[in-house]
Amino acid sequence: MKVLASYNIKGGVGKTAAAVNLAHLAAGGGQRVLLWDLDPQGAASYLLRIRPRVKGGGKALIKGTRPVDDAIKGTDFDRLDLLPSDFTYRNLDLVLDAAAKPARRIARLLAPLAAEYDLIVLDCPPGISLLSENVLRAAGTVLVPLIPTTLSVRTLDQLTEFIAGLPAPRPDVLAFFSMTDRRKRLHREITEKLPAQRSDVAVAVIPALSLIERMSTERAPVSAFAPRSAAARYYQALWTEVAERLG
Amino acid sequence: MVHAFSQELVLDGSTRPDPGDLLSALPPPLTWAPAARPRTVGRAWLDTFDWRLYRAGLTLELRTAAGRAELMLTCPDGARITAPAGRGRWPRLAGSLPPGELRERLGPVAGHRALIQVARGASTVREVRVLNDDHKTVAWLAIDQISVNQPEQADVPARLAVRAVRGYQTEAEQAVAALTGATTRRAPPVLAAVLAPAGQRPGCYSSKVDVRLTAGMPATTAVATVLLRLLDTFDANLDGTIRATDTEFLHDLRVSVRRTRSALKLAGDMLPPGLADRFQPEFKWLGDLTTPTRDMDVYLLGFDTMSAGLVAAAPEELLPFRGYLTRRRAAARRRLLRGLRSERLAALRQEWRAALTALTSSPRAGRARGAAAAAPAIGEFAAARIARAHRKVLKRGEAITPESPPERLHDLRKRCKELRYLLEFFASLHEPAPHQRVLRQLKGLQDCLGDLQDTQIQQHEIREAAAQMMKQPDTPATALLAMGEVAAGVAARERAARADFASRFADFAAAGTQRRVRALTGAAA
Ligand SMILES: Nc1ncnc2c1ncn2[C@@H]1O[C@H](COP(=O)(O)OP(=O)(O)OP(=O)(O)O)[C@@H](O)[C@H]1O
Ligand SMILES: [Mg+2]
């Protein structure tokens, strides 16, 4: 079982869009996939038409007093399941902190799912918190959407440094450029230069496309409602690269 | 992925239901939407002629869609194994399937028996999503219309399968409740449903003499009933024997002949005068006709085990011997086919059936011809004959010493067989448990005697084969050496069987078994 986290300290960069689309593509390719919506905003749950509510309460789930199994919901797609968001996740750090080995809590909860799933995708809220530390320690690979700016390299370096400071085993980092715009010279320069220079930056990019925005009205992954679109092809290319990284 | 809830229903009276009608009773806010275009899949169900898969709780299906054929095996726990069907026409032996888990699971169950298509047809499946107020799929409804081509053309009642999406069991149950408002009932297994229009059911063939007799039945009627059942078994196996679908058709066919001959010998006096005498030579002819092919079959079926057991010779050194056996078998089969297609057999089957049917359909018919006037009830008759056969086995067995010549053991083997057949013919008159115990003990003895007989025949045949092969200039010496080693192995098995005899017989002759036989036969023993 591989664990892929979609994470960035920054908000609104395309973490959820990537998590939902890549999870759908992985399931379409035959893997058994569980997407865990860890964001109290519940964007991933919304996109999959599932109510942001954990059966028996999110707190009990994190504490381990309720089995994870009971809270899992099937999506409309073969092999893709969702662990929905819950409003109690607003105080997730408090719940985590109360547990034994607080930084390993999520990893512990995922372990028993190995028999049932080939891939777990974690969709995380932005920010640095006990939850993000948990996610970084549970994931084998961290997928980092970056908006192409002069500062994006710095954001990535900061994250890499933070991960280096964590105890082993540490996740592999793979960044990709999100919401790129080919009409902007800066975007073109950065998205062409960086992947050539750094192995932790994906060649595949996800341009800013209105079809991707439409996910929130269609309430489905782009590869489900527009499988032949350019947007679907971009996500497919990204998934191919990520899948290679996952091994 | 894990569907905690799923339920299959059939729709009475309707073979082509409309989803809108079916789901008109869905409680709000549930709604429905078609999921995809209807798909049509070619389906065939496979089993051995004697339903070994069905009896083992397995269902094997061949599904063909878009030119691709896939086998799907459903295990008793519901687990499914799929595999590409590979090339080859049906019937096929499990061993000829592409290697993999499915073949591994099937092989030991099917054994030497070929997989044949027991039913064929096509399914048109329409899938419908049941949606909640978020337009989220909470359950799937599959409407499966099966049209059957074989064994008989028919449309079977539509099958409805409701499957809950994980985490939405309540909604799925509501959908089922809405459906059960229509005239539905729990779906029978699909194979049973597709066989039903032809009046068949899975497991309907067995080589057992499963007739139901009652103790008070006139012996003439009962004996004729047993014989008629044996004739049915013969007829059922004739086509498969002629086509050589697998080797076991001939085996079952031969057993029915042997049983018939024993029944004529041991109970023929209950038939109208002259009837048994008239048919006995015919059945002897039939038995003799089938022996050479079966002997070669047995050899060839055991060939791999035999060559794997070689110590000195290499397995491939036996290939000339195999070639010899294969040619012999081909020649034997040609003679067999001539006999099976002959006028003589056609007449035998027809006249025999007519005679037996007359006796079973009206008990008086037998009496009118004079035999049954004095005939006892079958309970009494069976008890006396079983007791007599039992006494014979005991007497002959006790007389056997380590010095006895093989003919004595051969004779005892025949007496055991007679007892065995009598027990099988009249099984329905006995308590099942003690009957089974007696049969088991007898079988132990028979296996030992059968081994003795087989090993003697085989040694004779190896010598015969060697002599024949010597006459051919191209037979390598290594082949004869390897055959010598096989002969030595067979001789060792013969000695082992002989050494085993005393204890097997002692088991059978033990007081416990005797008591049980006496209980089966009442006072007669
Ligand atoms: N490539 C894209 N092109 C156009 N719109 C996009 C693209 N990616 C994401 N969006 C839109 O941008 C918004 C934010 O995207 P998303 O929710 O995926 O980001 P996020 O990083 O998960 O945000 P948050 O930090 O709030 O969780 C959404 O409305 C989404 O539809
Ligand atoms: Mg998000």
Side-chain angles (χ1 to χ4, degrees), chain A residues 1 20 23-24 26-28 30-37 42-56 61 66-86 112-120 216-221 224-225 227, chain B residues 1-7 23 26 28-37 39 41 63 65 68 70 72 77-84 100-101 125-142 161-176:
Chain A
M1 182 183 73
V20 169
H24 180 255
Q31 300 200 43
R32 299 165 300 164
V33 184
L34 177 69
L35 172 60
W36 190 351
D37 185 356
S45 305
Y46 179 83
L47 291 177
L48 293 167
R49 301 173 185 263
I50 293 169
R51 278 160 222 179
R53 206 183 88 78
V54 165
K55 195 176 158 205
L61 177 90
R66 295 280 306 224
V68 177
D69 249 16
D70 286 2
I72 294 175
K73 296 277 187 183
T75 69
D76 286 10
F77 312 104
D78 280 347
R79 292 178 297 276
L80 177 57
D81 288 349
L82 178 90
L83 198 47
S85 162
D86 194 75
L113 299 173
E116 215 185 317
Y117 296 100
D118 305 311
L119 177 67
I120 307 273
S216 43
T217 49
E218 296 284 346
R219 299 185 71 181
F225 73 84
Chain B
M1 273 157 291
V2 175
H3 300 284
F5 174 86
S6 72
Q7 195 159 328
L23 290 166
L26 268 185
L30 297 183
T31 54
W32 65 275
R37 275 197 272 155
R39 300 174 271 123
V41 188
R63 289 178 166 247
R68 287 232 331 261
E70 189 182 59
M72 189 172 81
D77 61 359
R80 284 182 169 167
I81 309 172
T82 56
E101 196 190 352
V125 181
R126 278 178 297 167
E127 261 190 323
V128 170
R129 299 166 181 266
V130 178
L131 307 169
N132 66 10
D133 44 354
D134 285 315
H135 277 251
K136 162 86 181 75
T137 310
V138 291
W140 297 86
L141 165 66
V162 175
R163 182 162 60 89
V165 172
R166 185 167 183 175
Y168 297 92
Q169 176 157 345
T170 314
E171 289 87 343
E173 280 170 0
Q174 287 172 339
V176 169

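No experiment lies behind these values; they were computed from the predicted model shown. In the text below, chain A, chain B and the rest are named by the order of the sequence lines, each starting its count at 1. Computed from heavy atoms alone, side chains included, the values below leave out hydrogens, waters and symmetry copies.
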Here the gap from B:Leu131 atom CG to A:Asp76 atom CG, rounded to the nearest 0.5 Å, amounts to 7.5 Å
Value for OH (A:Tyr46) from CG (B:Asp134), rounded to nearest 0.5 Å, stands at 8.0 Å
**Asked** Quick one: are A:Arg51 and B:Asn132 in side-chain contact, heavy atoms under 4.5 Å?
**Response** yes
Turns out that what part of A:Asp69 lies under 4.5 Å from chain B's heavy atoms comes down to both
Problem - More than 12 heavy atoms from other groups under 6.0 Å of CD on B:Glu101 - result: no
Are any non-hydrogen side-chain atoms of B:Lys136 and A:Ile50 less than 4.5 angstrom apart?
yes
